[in-house]
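The next block holds one structure in the form of structure tokens; read it before the comments.
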Number of protein chains: 2
Amino acid sequence: MPPSGNRSTPVIKDVAQLAGVSVPTVSRYLNGTAKVSTEKREKIAQAIKLLDYKPSFVARALANKVMDSVTMLTSLSTYWATTEVNSGAEHAARDHGFLFGVTSLDGISDDEIESTINRVLSANPAGLIISESDELVIQLLHQIPKDIPLVLIGGSRGDAPYQVIPSEREGGRVITEYLFGLGHRNVVHVHRREGPNNNTRTLGWRDAMTDAGIQAMEAYQVGTDLSESVELGRKLAQDEDLTAIFAGNDETAISLIKGLRDEGVRVPEDVSVAGYNDQIFAKMWDPALTSYSQNFVELGRQAFEMLYAQIEAKRSGEEPPEPECRVVEGELIVRDSTAAPGRRG
Amino acid sequence: MPPSGNRSTPVIKDVAQLAGVSVPTVSRYLNGTAKVSTEKREKIAQAIKLLDYKPSFVARALANKVMDSVTMLTSLSTYWATTEVNSGAEHAARDHGFLFGVTSLDGISDDEIESTINRVLSANPAGLIISESDELVIQLLHQIPKDIPLVLIGGSRGDAPYQVIPSEREGGRVITEYLFGLGHRNVVHVHRREGPNNNTRTLGWRDAMTDAGIQAMEAYQVGTDLSESVELGRKLAQDEDLTAIFAGNDETAISLIKGLRDEGVRVPEDVSVAGYNDQIFAKMWDPALTSYSQNFVELGRQAFEMLYAQIEAKRSGEEPPEPECRVVEGELIVRDSTAAPGRRG
DNA sequence: CTGAAAGCGCTTACAG
DNA sequence: CTGAAAGCGCTTACAG
């Protein structure tokens with residue numbers, strides 16, 4: 001609340017007057033951009049407290065040519081992982097005193113994308129976080145001026161100088177190796193269409209298969225229509241050699257389980273089925289699903305921290321930080337849908 | 001891309017020079033704030049296109065004392081409904097050329113809340129959307145200057161002059177009446193702790209119960225630990241008169257179903273169980289869950305539209321729109337977990 | 001260490 | 001209809 005008598009919210013001039021100093025001095029005090037005598041420091045501090053003065057973001061942004069804000073460019077705005085990524089980044093931004101903007105790129109035509117991005121840039125954000133979803137977003141990287149700090153979430157290693165990615169490929173490997181460790185001789189993989197990047201679960205599965213000396217194996221691909229996966233489960237039930245399935249996501253996993261059961265195959269007694277993502281229902285399922293959990297909130301947080309380092313370096317005229325592709329590790333969650341091979345093995 | 005030769009991004013002065021007019025004239029053209037001769041209009045239009053000029057958000061914000069941006073104040077940032085609400089609001093904002101900011105209030109201490117809000121306000125947003133989660137947020141409404149456009153999502157009817165709420169109470173009523181319509185004589189309700197507002201599922205259930213002439217019935221309250229609900233399911237299985245349960249959310253519903261089944265009670269043959277929220281797993285469950293689906297994306301969209309109407313009115317000096325509490329209707333989704341009463345009924 | 005001056009990019013009265 | 005001037009709230013050289 002501004003003190004009574006003062007009509008609107010206080011500005012730097014009010015502080016200067018009350019403290020008996022000039023406006024630039026208050027500015028220097030605020031930003032630590034030059035020494036201010038102890039005496040004046042105290043007076044200014046008092047005045048600020050008294051008036052409950054908050055510097056204007058926009059005036060600052062205009063003078064500095066850059067706003068204390070970052071914006072997240074995203075598609076798939078309602079995808080559950082996006083939520084967590086955004087939340088992690090937003091909290092970190094907030095804690096550093098940065099405003100956090102979100103602009104989605106889904107649902108607009110290709111030629112509107114450029115103007116949307118220009119609009120975002122015209123707000124002078126200090127940096128951008130781009131969260132990858134498809135090829136389009138990667139292309140978009142090239143449309144962004146090189147001098148604006150940027151970090152890419154996801155994508156292939158090397159798509160951008162500053163990048164943070166979830167341990168997707170590692171996750172695929174871990175879950176497959178876990179199944180091998182249980183004693184299974186082979187792990188069948190079922191997945192949906194994956195992006196063209198080099199950090200996928202399927203590649204991780206293949207890594208583990210190769211290490212295990214199994215090369216020829218093909219993965220099954222399914223669509224998002226779950227009945228297709230149920231159908232596949234029924235079909236796979238016929239394969240007497242099958243003992244372990246790594247499904248690329250939890251929904252596919254439970255659908256496969258349904259299909260297997262339809263044919264009298266028990267999970268995990270006859271066939272182990274692991275999912276991926278550790279979605280909310282994974283632990284509630286019967287049997288509770290073994291899965292792989294990514295820490296998307298942390299992914300968002302690290303993306304902001306990485307961006308912040310660039311922003312600070314730029315601001316203080318230092319060398320930019322070393323380019324880096326940070327990977328945020330997920331975690332294997334073992335539950336009841338996987339076990340050592342039974343009669344089939 | 002700025003034309004070669006021009007170092008940085010073009011500003012209004014560049015446009016004015018190229019078009020051979022004064023800066024204010026370009027401004028008038030841009031904002032339609034005064035007539036500009038056709039001749040100059042064309043020259044300006046050309047210059048803008050040639051330079052690919054975009055007005056600076058922040059300069060505009062400083063001059064206008066208000067930025068073309070809205071910010072969403074929220075808690076529960078990773079809650080699934082929050083995501084959808086945000087997405088709906090963000091898309092609407094984007095389509096109106098507004099920047100969209102998000103600031104979460106969770107995870108900060110009570111005394112940081114005020115300064116966080118002040119920070120948000122110091123960016124001169126044109127309006128605020130507050131998405132209700134708990135009492136705290138409602139109190140917070142009073143800390144916000146009256147002259148800034150605002151809409152509240154959720155809360156009790158009347159908590160704010162401009163409000164948009166999901167049909168929660170109506171949903172509770174609809175689902176209960178649906179069960180009565182199936183022939184059930186009584187509907188037991190199990191819910192988690194609900195906010196103190198007057199728009200809850202439980203109140204809707206009670207409305208329907210009262211209409212059916214059943215008043216004394218108490219609801220069961222459970223925590224978020226699902227094993228508690230499983231336990232309750234086992235206990236309820238003993239009640240030979242029980243034929244229908246309305247669970248306040250899908251997770252509780254499936255847990256109750258587990259408990260009932262543990263005791264040999266079949267769903268829906270012996271007992272119907274309806275959930276609420278229509279979460280992603282509802283349709284995948286066995287039996288697929290009857291539930292009530294809210295359109296949270298639409299909720300967010302309408303919130304922005306309502307805010308936008310206020311912003312426009314204020315900007316053009318018109319009377320503000322009539323206060324309004326809009327309700328966004330959800331939808332009953334009938335699936336396999338509910339049926340007419342069987343042997344018990 | 002500190003003030004007067006100029007500028008960030010735009011808009012809004014003020015005079016034509 | 002249109003230009004010259006002043007201002008939005010802050011920061012950054014420039015001189016002390």
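Just so you know, these numbers come straight off a predicted model, no measurement behind them. Labels below follow one simple rule: chain letters A, B, ... track the order of the sequence lines, proteins then strands, and each chain is numbered from 1.
Within 4.0 Å of B:Tyr29, counting heavy atoms only, lies no atom of the nucleic acid at all. Within the nucleic acid shown, B:Val26 has no heavy atom closer than 4.0 Å to any nucleic acid atom. A:Ser22 comes within 4.0 angstrom of a base, heavy atoms only. Residue contacts for A:Phe57: at a heavy-atom cut-off of 4.0 Å it reaches no nucleic acid atom on any strand shown.
With A:Ser122 contributing its side chain and A:Arg119 its backbone, the two residues share a donor-acceptor pair below 3.5 Å.
Note: CG (A:Leu30) to C1' (D:dC10) measures 10 Å, nearest angstrom. Protein atom CG of A:Leu62 is 13 Å distant from nucleotide atom C1' of C:dA6, rounded to whole Å. Regarding A:Asn31, its CG atom lies at a distance of 7 Å from the P atom of D:dT12, rounded to whole Å. Straight-line distance from the CZ atom of A:Arg28 to the C1' atom of D:dG9: 16 Å, rounded to whole Å. To the nearest angstrom, C1' of D:dT11 lies 13 Å from CG of A:Asp68.
Between B:Ala89 and B:Phe304, the shortest heavy-atom contact is O-CB, 4.1 Å. Residues A:Cys325 and A:Arg157 come closest through the heavy atom pair SG-CG, 3.8 Å.
Along DNA chain D, the nucleotide closest to B:Pro24 and the one closest to B:Lys65 are compared, and the more 5′ of them pairs with B:Pro24.
Considering only side-chain N and O atoms, B:Lys13 lies nowhere under 4.0 angstrom from the phosphate OP1 or OP2 of C:dC8. Between B:Ser37 and D:dT2 there is a side-chain polar atom (N or O) within less than 4.0 angstrom of OP1 or OP2. Within the structure, every side-chain polar atom (N or O) of A:Lys43 is placed at least 4.0 Å from both OP1 and OP2 of C:dT2. For B:Asn64, a side-chain nitrogen or oxygen approaches OP1 or OP2 of C:dT12 to under 4.0 Å. Dashed line: the shortest gap from a side-chain N or O of B:Lys54 to OP1 or OP2 of C:dC10 is not under 4.0 Å. Note on A:Thr25: a side-chain N or O is less than 4.0 Å away from OP1 or OP2 of C:dG3. The phosphate of D:dT11 (OP1 or OP2) has a side-chain N or O of A:Ser27 nearer than 4.0 angstrom.
Using cut-offs of 30° and 60° on the angle between ring planes, the pair B:Tyr308 and B:His96 is tilted.
Here the nucleotide nearest the side chain of A:Val36, chosen from C:dT2, D:dC10, D:dA5, is C:dT2.
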